Amino acid sequence: MKVEFTAAQDALRKELRAYFDELMTPALKAECDEAMGEGGGPLWREALKKMGKDGWIGVGWPKELGGRGMSPIEQFIFVEEVMRAGYPFPFLTTESVGPQLAEHGNERQKREIVPKILAGECLIAIGYSEPGAGTDLASLKTSAVKDGDGWLINGQKMWTSLAHFCDYVWLACRTDPDAAKPHKGISMFMVPTSDPGWSCSPVITLGEVRTNATFYDNIRVPEDAMVGELNGGWKLITSQLNRERLSLVNFGPTAEMFNNIVRWAQTLDLPTGGKLIDEPWVQINLAKVRAGVEALKLVCYKQAWAMTEGNLEMADASAAKVYGSEFFIEVYRLLGEVIGEASLISRRTDGANPIASRIERLYRTASIITFGGGTNEIQRDIISAAGLWMPRASR
Amino acid sequence: MDFGFSEQQRDVQNLAREILSDSVTAEKLSHYDDYKGERFDRELWSKLAQAGLLGVAVDEEYGGMGFGFFELGLLVEEAGRTIAPLPLISHLISSALPIQQFGSSAQKQKWLPGVCSGETLLTAALSEAHNDDPAEPYLTTAKVDGDTLLLSGQKTNVPFANIANRILLAAKSSDGVVVVLLDPKSEGVSLTTQQVTTYEPQFVVNLDNVRIHAEDILIAAADGKAAMQWIAERSTVALCAHQLGASDKAMRMTASYTAERKQFGVLISTFQAVGHRAANCFIDVECLRLNTYQAISRLDGGLDATNEVQIAKIWAGDVGHRVSYAAQHLHGGAGIDRDYPLWRYCTWLRHNEMVLGSSAKTLAKLGKRIAAGDAFCS
Ligand SMILES: Cc1cc2nc3c(=O)[nH]c(=O)nc-3n(C[C@H](O)[C@H](O)[C@H](O)COP(=O)(O)OP(=O)(O)OC[C@H]3O[C@@H](n4cnc5c(N)ncnc54)[C@H](O)[C@@H]3O)c2cc1C
């Protein structure tokens, strides 16, 4: 039992921190801010390709797949640092769909798509949710029908984030409408967004984050656009979501924000005398955040370690997701309280304090991951069943 | 980074779990309820001694196993899982470890072999009225008199002061904090019984010009405060380990109960509200586990762990409280029925929450460190 990094891992962390200090130019930062932390702009793309070229995106991937052959812990350190640097990293592509393709994809997908992912040249959106299929994802209706030596896809997806600048949608389709159980009739496809039958329209959310409704109108894809087995999509969806969960609750950005706010409060003079940080209630709020971040760090590291050992427990992955997503909301509230009314001022105001306006925005975006990525109710169902062996109601 | 246990750690854990879970039964624990009997299972104590576990972290030359603090933490966790009627923390962590760390070779030779064999019982007086900071004794003073000290004052909530061979305690002297090993039979010592929520025997120790001879002075004034902080950190994190074992057990007891109890014709575990409250406990206990292990392993490795210990204690307080009430609630009446084993866990969860600083108090301490720039995230 040892929670500290090895000297080599510490060195890697330092190297990455210096790397991102250089990479995150003011112009790139401004572009990312404009994109509301989503990325997609030209400087953003350029930076992603640079990370690919420099061998970072696949640092923890096996060498045979074009990675650097380090472990999931190094991969985790990389993701933590890139997110800490404030770069909107397309982790859905690199950390969750990418590994699925590497594991379950056919030869063409492994040869053509995986190397592009590691090079930062291919972006993939996730097409699960539909207007009528949210938490009950297995009820999805978008269909793929056999058409000669290919498949004909028709339907509508909802909340297809990043799709407006992605190359593919990792699309869940119904391939067997008569399956005994709905989740047994679903298959996965890689659908290119360049197809004329594909279109999308923006959906803007409370935090200004853009997502999309996407439409699939008689899109014909070849046989080898399918990923994994016919009607075997559910397994891919659940293991993709398992991987996604770890990235969703990365603690790097929160640790960074905490440190910044402490430094800010240490220097802020109160008009009534003294510094903001001298206030007992400020210290208590900061201590609550600090204690919570520590737990988040440990929960994340334990999972990175468990992935390295190949024994990631389902209940632990769900626990991390629930804890992290609900803790973030608490963090934005507690830190927002420390900042006070300034945490209501948007970054568009001249002279807005960047730390305060970040909280203004984050507070508006925080709810997404309590229901996205597998809603917390379902995660708690998993925890009580898989972690505590409590029989649950059948659904 | 390694979240697994070494083989040695697993051995200690398994051995401790086996002995304690075999020996500690609800029926046996009931003998100590309401102070019907002194809450100390001497038979079990000698079983642990025979297995070598009382000396798990004591050097081999004094009859111990010579393992580290982490192994000792695992033993305490198992004691928490069974709420074993044993004074493990006060004896091993708050007293024996400091003797091993700070004592002269004569003191080590005198006390440590008996610690391992179970023949000697040590305890520590870490609290005073309205003062749970062991490193800042206000109410207990020491006057230098030749090479002896004269102690006066009062300590509270001292476990097993009546039967301990020595009580480790700190006193304020004119030039710092001294740490001594007090013989409770010395002239000028009087004990007053305190009845506490867990039924552990505890005492107010009153000191009226008690003479401490040179051989019982553990640390002279110059180093006493730092040594007491050393002791406080280890004792605090031991409470966290005990809390971890106890809350994990209370949670699992609850999960099993809901998987057997039926209402409306179905198992109550199938109600989502029930499952989710238990899932919250699972998350809480995991957070407590990781923070506790982190703090213990840092101390074991000789690293600074002030922040990590404080954070673990905050979690221990919060998690103990939340798990205790969730467990009671999800059991319904059975949870508080004295014929069902849960209720005793609730009193220990409360004990560990409050001793050596509650969550609120520890948050305030951590907050001060944050303000001083001593607790940034790495
Ligand atoms: C900004 C944003 C980005 C997104 N990005 C993507 C994306 O890229 N790709 C994608 O496919 N999807 C995406 N989603 C969709 C997201 O995954 C869904 O919102 C989520 O699955 C929940 O579905 P729903 O919104 O239909 O809510 P519903 O399923 O209708 O849920 C509403 C409420 O009911 C509760 N509930 C539902 N079922 C149960 C149950 N069995 N037990 C207890 N409570 C239950 C839920 O927990 C929730 O609180 C995104 C959503 C947003 C807002």
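Labels below follow one simple rule: chain letters A, B, ... track the order of the sequence lines, proteins then strands, and each chain is numbered from 1. Heavy atoms only: backbone and side chains are in, while hydrogens, waters and symmetry mates are out. On a predicted model such as this, the values are computed, not experimentally measured, just so you know.
- With a 6.0 Å radius and a threshold of 12 heavy atoms from other residues, nucleotides or ligands, Arg252(B) has its CZ atom above the threshold.
- Between chain B and the options Ile383(A), Ile284(A), Ile382(A), Leu298(A), heavy-atom pairs under 4.5 Å are most frequent for Leu298(A).
- Between chain B and the options Thr6(A), Thr254(A), Asn259(A), Asp278(A), the largest number of non-hydrogen pairs under 4.5 Å is found for Asn259(A).
- Atoms NZ and CG, from Lys288(A) and Asp318(B) in turn, are 8.5 Å apart once rounded to the nearest 0.5 Å.
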Quick one: side chains of residues 363-378 of chain B, donor-acceptor pairs under 3.5 Å with protein atoms, not counting sequence neighbours, listed by atom name and distance.
unit_1	atom_1	unit_2	atom_2	d
Arg369(B)	NE	Asn307(B)	OD1	2.6
Arg369(B)	NH2	Asn307(B)	OD1	3.4

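- Other residues, nucleotides and ligands place more than 12 heavy atoms under 6.0 Å from the CZ atom of Arg68(A).
- Gln9(B) touches chain A through its side chain: at least one heavy atom from C-beta onward sits under 4.5 Å away, while N, CA, C and O do not.
- At a 4.5 Å heavy-atom cutoff, the contact between Glu294(A) and chain B is made by backbone and side-chain atoms alike.
- The contact list for residues 235-243 of chain B toward chain A, using heavy atoms and a distance under 4.5 Å, is empty.
- Side-chain contact between Met251(B) and Leu388(A) is present, with heavy atoms from C-beta onward closer than 4.5 Å.
- For the set Pro280(A), Ala287(A), Ser384(A), the count of heavy-atom pairs under 4.5 angstrom toward chain B peaks at Ala287(A).
- Within the model, atoms CE of Met1(B) and CZ of Phe76(A) stand 8.0 Å from one another, a figure rounded to the nearest 0.5 Å.
- Only the side chain of Phe258(A) comes within less than 4.5 Å of a heavy atom of chain B; its backbone N, CA, C and O stay farther away.
- Taking CE of Met1(A) as the start and CG of Leu290(B) as the end, the distance is 6.5 Å to the nearest 0.5 Å.
- Proximity to chain B involves both the backbone and the side chain of Val299(A), based on heavy atoms less than 4.5 angstrom apart.
- For the atom pair CG (Asp2(B)) and CD1 (Ile73(A)), the distance works out to 8.5 Å, reported to the nearest 0.5 Å.
- Looking at heavy atoms from C-beta onward, Arg290(A) lies out of side-chain contact with Gln310(B) at the 4.5 angstrom threshold.
- Residue Glu309(A) qualifies as enclosed at atom CD: its count of foreign heavy atoms under 6.0 Å is above 12.
- Neither the backbone nor the side chain of Lys275(A) has a heavy atom closer than 4.5 Å to any heavy atom of chain B.
- The CG atom of Asn311(A) sits 12.0 Å away from the CZ atom of Phe3(B) when rounded to the nearest 0.5 Å.
- Contact residues of residues 268-289 of chain B toward chain A are Ser269(B), Thr270(B), Gln272(B), Val274(B), Gly275(B), His276(B), Ala278(B), Ala279(B), Asn280(B), Phe282(B), Ile283(B), Glu286(B), Cys287(B) (heavy-atom distance under 4.5 Å).
- Comparing Arg263(A), Glu256(A), Gln9(A) by heavy-atom pairs within less than 4.5 Å of chain B, the highest count is held by Arg263(A).
- When all heavy atoms of Leu267(B) and Pro391(A) are compared, the pair lying nearest together is CD1-CG, 3.8 Å.
- Heavy atoms closer than 4.5 Å to chain B are found in both the backbone and the side chain of Ala315(A).
- Applying the salt bridge (charged side-chain N to carboxylate O under 4.0 Å, His left out) test to residues at least two apart or on different chains, the pairs with a partner in residues 381-394 of chain A are Asp381(A)-Arg395(A).
- Nearest heavy-atom pair across Trp315(B) and Ala291(A) is NE1-O, 3.1 Å.
- Residue Tyr340(B) places its OH atom among more than 12 non-hydrogen atoms of other residues, nucleotides or ligands, all under 6.0 Å distant.
- How far CD of Glu4(A) is from CG of Leu303(B): 5.5 Å, rounded to the nearest 0.5 Å.
- Judged by distance alone, the side chain of Trp389(A) and the main-chain N or O of Ala255(B) form no donor-acceptor pair under 3.5 Å.
- The most heavy-atom pairs under 4.5 Å with chain B, out of Ile277(A), Val3(A), Leu296(A), come from Val3(A).
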